[in-house]
Amino acid sequence: MDALALMKDQAANADRLMVQVFSRVTPEQAAWRLPGSQANTIGATFMHTAYSADSIVHRILGSPPVFEIGGWRNRLGFDPDSIWTFEGKPDIAALLEYAQAVSVSTTDYLSSLRPDALEQQIETARGPQPLASRLSVYLVVHKQQHLGEIGALLGCQGVQGMPF
């Protein structure tokens, strides 16, 4: 398996697991915050992961993200400039629909790449980095990290977080 095939597989797995966990979340669970806690809500965390993947892929492509093209700001009531203040009971179906649109866009992008493209250097806020590093962070590692947070927040509410 080459690096691109591995990236595609891991990104698809992260998307599947995120959807599997989040599709069982209720609006009340998504908006819940332990009194006095500074932890982000499940809804904000889920939206953050989808929006981050959308943003990085389309920044690389030089095109507007799915979020803008699909009018998701109004549909979700989400302001990306205030990502962690995504409050209230979110529309779970709409969040899942947005995440699915991002997943399709990401899959299409990865399918358009040749394996050697992962070696190219791209400009990032932290300076030039290999494309493989940025994609791995946002499409795999970042989602898995936040998936752990979502699982823990569900556990704090007395429900099973991860499906295993």
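We're numbering straight along the sequence, starting at 1.
Counting all heavy atoms, side chain and backbone alike, Ala39 lies closest to Leu153 at CB-CD2, 4.3 Å. The two atoms that bring His58 and Pro64 nearest to each other are CD2-O, 3.3 Å, heavy atoms only. Between Asp54 and Phe67, the closest heavy-atom pair is OD2-N, 2.8 Å. The two residues Ala30 and Ile92 come nearest to each other via the heavy atoms CB-CD1, 3.9 Å. Nearest heavy atom pair, residue Val102 against residue Ala50, reads CG1-O, 3.7 Å. Between Glu97 and Arg75, the shortest heavy-atom distance links the atoms OE2-NH2, 2.9 Å.
Taking the side chain as every heavy atom from C-beta outward, Met162 and Leu154 never approach each other to under 4.5 Å. The closest side-chain heavy-atom distance from Gln120 to Pro130 is not below 4.5 Å. Side-chain contact check for Gln157 versus Ile42: some heavy-atom pair is nearer than 4.5 Å. Under the 4.5 Å side-chain criterion, counting only non-hydrogen atoms from C-beta, Ser23 is not in contact with Val21. Contact annotation: the side chain of Met47 approaches that of Leu76 to within less than 4.5 Å [non-hydrogen atoms, C-beta and beyond].
Residues Trp32 and Leu95 share a hydrophobic cluster, clusters being chains of Ile/Leu/Val/Met/Phe/Trp/Tyr side chains in contact below 4.5 Å. A single hydrophobic cluster is seen to contain both Met18 and Phe78, as judged by linkage of ILVMFWY side chains at heavy-atom distances under 4.5 Å, directly or through other members. Linking ILVMFWY side-chain heavy atoms closer than 4.5 Å, directly or via other members, places Leu4 and Leu6 in two distinct hydrophobic clusters. With hydrophobic clusters built from ILVMFWY side chains whose heavy atoms lie under 4.5 angstrom apart, Val141 does not share a cluster with Ile56. Both Val159 and Leu147 are part of a single hydrophobic cluster, where members link through side-chain heavy atoms under 4.5 Å apart.
Between the side chains of Asn40 and Thr45, not a single donor N or O lies within less than 3.5 Å of an accepting N or O. A donor-acceptor pair shorter than 3.5 Å can be found between the side chains of His146 and Glu149.
With rounding to the nearest 0.5 angstrom, the CG atom of Leu17 is 10.0 Å from the CD1 atom of Ile150. Here Ser136 contributes atom OG and Met7 contributes atom CE; the two are 5.0 Å apart, rounded to the nearest 0.5 Å. Atom-to-atom distance recorded for Gln121:CD and Ser133:OG is 8.0 Å, nearest 0.5 angstrom. Taken to the nearest 0.5 Å, the CG atom of Leu139 stands 6.0 Å off from the CG atom of Leu110. One distance of note links CD of Glu123 with CD1 of Ile60; it measures 12.0 Å at 0.5 Å rounding. In this structure, CG on Leu131 lies 10.5 Å from CD on Glu119, to the nearest 0.5 angstrom.
Proximity of a side-chain donor or acceptor of Asp15 to a complementary backbone N or O of Ser103 within less than 3.5 Å is not detected. Judged by distance alone, with hydrogens and angles left aside, the side-chain atoms of Arg24 form a donor-acceptor pair with the main-chain N or O of Gly161 at under 3.5 Å. Side chain of Gln10 to backbone of Val140: no donor-acceptor contact under 3.5 angstrom is found. Ser112 places a side-chain N or O within 3.5 Å of a backbone atom of Tyr109 that can act as its donor or acceptor partner.
Phe46 and Phe22 have parallel rings, their planes meeting at less than 30° on a 0 to 90° scale where 60° marks the start of perpendicular.
The side-chain hydrogen bond (donor to acceptor under 3.5 Å, both in side chains) test applied to Gln129 returns Arg134, not counting sequence neighbours.
Other residues, nucleotides and ligands contribute more than 12 heavy atoms inside 6.0 Å of the CD atom of Glu28.
Between Tyr98 and Tyr51, the gap from one ring centroid to the other reaches at least 6.0 Å.
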Might you work through the side-chain contact (heavy atoms from CB on, under 4.5 Å) test for Leu34 and Cys156, ending with a clear yes or no?
CA-CA 8 Å; Leu34 183 66; Cys156 289; over 6 Å; no
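With respect to Arg73 and Glu68, no salt bridge is recorded, no charged nitrogen being found less than 4.0 Å from a carboxylate O.
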